[in-house]
There are 2 protein chains.
Amino acid sequence: MGVNESLRSRYMDILIEIARHGLGDEIKLSTSRLASGIGLSQQSASRLMKDMESKGMVSRKVFIDGQVVKLEKKGVDLLQKRYSELNSIFSRKKLKIKGELVSGLGEGRYYIGLKGYKKQFNNKLNFIPYAGTLNIRIDKKTGTRLQSIPNFIFIEGFSTKKRSFGGLKCAKAKIEHNGRQILAAVIKPFRTVHGDDVLEVIAPYFLREKLKLKDGDRIRIVV
Amino acid sequence: MGVNESLRSRYMDILIEIARHGLGDEIKLSTSRLASGIGLSQQSASRLMKDMESKGMVSRKVFIDGQVVKLEKKGVDLLQKRYSELNSIFSRKKLKIKGELVSGLGEGRYYIGLKGYKKQFNNKLNFIPYAGTLNIRIDKKTGTRLQSIPNFIFIEGFSTKKRSFGGLKCAKAKIEHNGRQILAAVIKPFRTVHGDDVLEVIAPYFLREKLKLKDGDRIRIVV
DNA sequence: ATTACTAGGTTGCGAGTAG
DNA sequence: TCTACTCGCAACCTAGTAA
């Protein structure tokens with residue numbers, strides 16, 4: 001009896017790749033497209049699909065010019081199980097970050113304005129950020145816990161003819177100030193000029209004006 | 001890519017197993033305990049841990065009687081990335097609808113006010129709608145996807161002595177406007193005077209006032 | 001108890017290719 | 001194009017065992 005459990009993790013990649021195209025629907029997904037999605041060869045994708053079909057995770061209709069795939073209950077269950085594992089790992093405690101407003105160098109304004117980022121912000125955060133960032137120097141205590149922010153959203157890097165721009169992580173957040181809560185997001189470039197103690201915040205508004213902020217003001221952010 | 005991508009999925013199991021014991025902390029986790037957690041032999045667990053250490057996902061302190069492990073940034077990043085993949089899969093049911101506010105004929109106000117509907121709204125949506133609807137003309141692109149709204153709730157029709165009123169479908173939704181999110185619901189009468197491109201929205205408030213809306217304003221709804 | 005090396009068997013991979 | 005077979009070989013596994 002082969003202990004095929006060792007394949008479970010490979011299957012997970014495929015389940016995710018399929019689910020990405022549609023959770024409950026029949027979707028056209030050729031073995032080669034699947035293969036490039038998971039970084040394997042077409043042949044391996046084909047083999048794995050057959051395996052998973054025989055295990056009841058997916059169902060397929062194979063035609064001469066391609067196949068139509070659908071996630072079955074067992075496959076969805078596996079995804080949900082993994083999702084809830086991760087969910088409990090990143091169990092949502094609202095993280096309260098306190099710090100004070102400091103001056104940036106103005107480069108935030110430049111980066112935020114770039115289409116390559118702006119479009120993704122709009123899609124993934126549901127707002128178009130004002131072209132500028134707030135730089136918050138985080139209090140020492142809360143700073144160290146920052147790494148464990150869950151629900152980070154990944155913004156991909158991109159290239160223009162002239163240069164390339166790195167990716168960044170961001171997370172929806174709320175700024176609390178004088179009893180008001182403003183929708184915002186904290187961003188964390190993969191490569192940054194700031195140390196780990198400075199957090200950049202973007203929002204749909206010019207926050208310095210809207211909240212009448214000045215350098216040194218204490219800010220509270222809930223992530 | 002520099003990393004051996006084919007191993008990534010095996011690593012994921014281990015990252016989860018470690019994270020289960022603690023995300024930011026150093027934890028004692030012997031190779032045999034890890035092994036039984038992921039369904040592999042002690043030897044494999046040992047080898048994989050070494051691999052992952054060399055790739056910077058985890059750090060270890062190995063003693064004569066065991067090891068102490070800690071997830072490093074790279075490892076946490078991988079977990080978060082997968083978490084957000086799954087998150088977007090299971091929250092993709094969130095349909096984003098964009099459109100612009102148009103004038104209704106005022107009949108919405110009449111229907112919403114009827115007891116036969118109001119009671120059901122309160123029971124099934126958990127709010128008593130303000131007596132009036134927002135009519136949103138949906139952008140062409142998003143409009144066609146409307147049929148696939150999941151989680152539709154059915155509101156039954158009913159009859160009075162004078163006449164009968166038809167049923168409708170509705171779905172909880174959020175209106176996003178200037179960074180604010182307002183609880184609301186979209187409704188879709190089985191028979192309607194509107195074409196398929198007009199969506200009616202109800203909410204516990206008089207939204208035109210609360211959000212200072214006027215005809216032609218762009219509205220975004222998340223279902 | 002541990003970690004982890006070696007050795008040898010097994011599994012999975014993908015180039016080539018048929019249908 | 002597509003799916004999926006064969007097959008050589010690389011990658012991965014675990015039993016045995018040392019430290």
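Sequence lines set the chain letters: A, B, ... in the order given, protein chains first and strands last, and positions in each chain run from 1. Just the heavy atoms: all of them, side chains too, but no hydrogens, waters or symmetry mates, feed the values below.
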Subject >> Any side-chain heavy-atom pair of A/Val68 and A/Leu29 under 4.5 Å >> reply: no

Subject >> Under-4.0 Å side-chain N/O to phosphate OP1/OP2 contact, B/Lys28 with C/dT2 >> reply: no

Subject >> B/Asp51 CG to C/dC5 C1', straight-line distance once rounded to whole Å >> reply: 14 Å

Original post:
Base, backbone or nothing for each nucleotide of nucleotides 14-19 of chain D, written B, S, -, heavy atoms under 4.0 angstrom, 5' to 3'?
Top reply: BBB---

Original post:
Do the charged groups of B/Lys55 and B/Asp51 touch, with an N to O distance under 4.0 Å?
Top reply: no

**OP:** Look at B/Asp139 together with B/Arg220 and state whether they make a salt bridge at an N to O cut-off of under 4.0 Å.
**Re:** no

**OP:** Among D/dT3, C/dT3, D/dA4, find the nucleotide with the atom closest to the side chain of A/Ser30.
**Re:** D/dT3

**OP:** Report the distance from atom CD1 of B/Ile38 to atom P of D/dC12, rounded to the nearest whole Å.
**Re:** 14 Å

**OP:** Rounded off to whole Å, could you give me the CE-to-P distance for the A/Met49 and D/dC5 pair?
**Re:** 14 Å

**OP:** Give a yes/no on whether any side-chain N or O of B/Thr31 is located under 4.0 angstrom from OP1 or OP2 of C/dT3.
**Re:** yes

Subject >> ring-ring contact (aromatic ring centres under 6.0 Å, His included) pairs, two or more places apart, involving residues 114-136 of chain A >> reply: A/Tyr117-A/Phe158, A/Tyr130-A/Phe206

**OP:** Send over the distance from B/Glu53 CD to C/dT3 P, rounded to a whole Å.
**Re:** 12 Å

**OP:** Figure out the CG/C1' separation between A/Leu34 and D/dC2, and round it to whole Å.
**Re:** 14 Å

Subject >> Neighbour count >12 (heavy atoms, 6.0 Å) for atom CZ, B/Arg137 >> reply: no

Original post:
Between A/Arg60 and D/dA4, does any side-chain N or O lie under 4.0 Å from OP1 or OP2?
Top reply: yes

Original post:
Atom CZ of B/Arg33 and atom P of C/dA1: how far apart are they, to the nearest Å?
Top reply: 14 Å

Original post:
Do A/Arg20 and B/Glu85 sit within salt-bridge range, that is, some charged N less than 4.0 Å from a carboxylate O?
Top reply: yes

Subject >> Sidechain N-carboxylate O distance under 4.0 Å for A/Glu26, A/Lys70 >> reply: no

Original post:
Rounded to whole angstroms, how far apart are OH on A/Tyr11 and P on C/dT11?
Top reply: 13 Å

Subject >> Gap between atoms NZ and P, on A/Lys50 and C/dT11 respectively (whole Å) >> reply: 17 Å

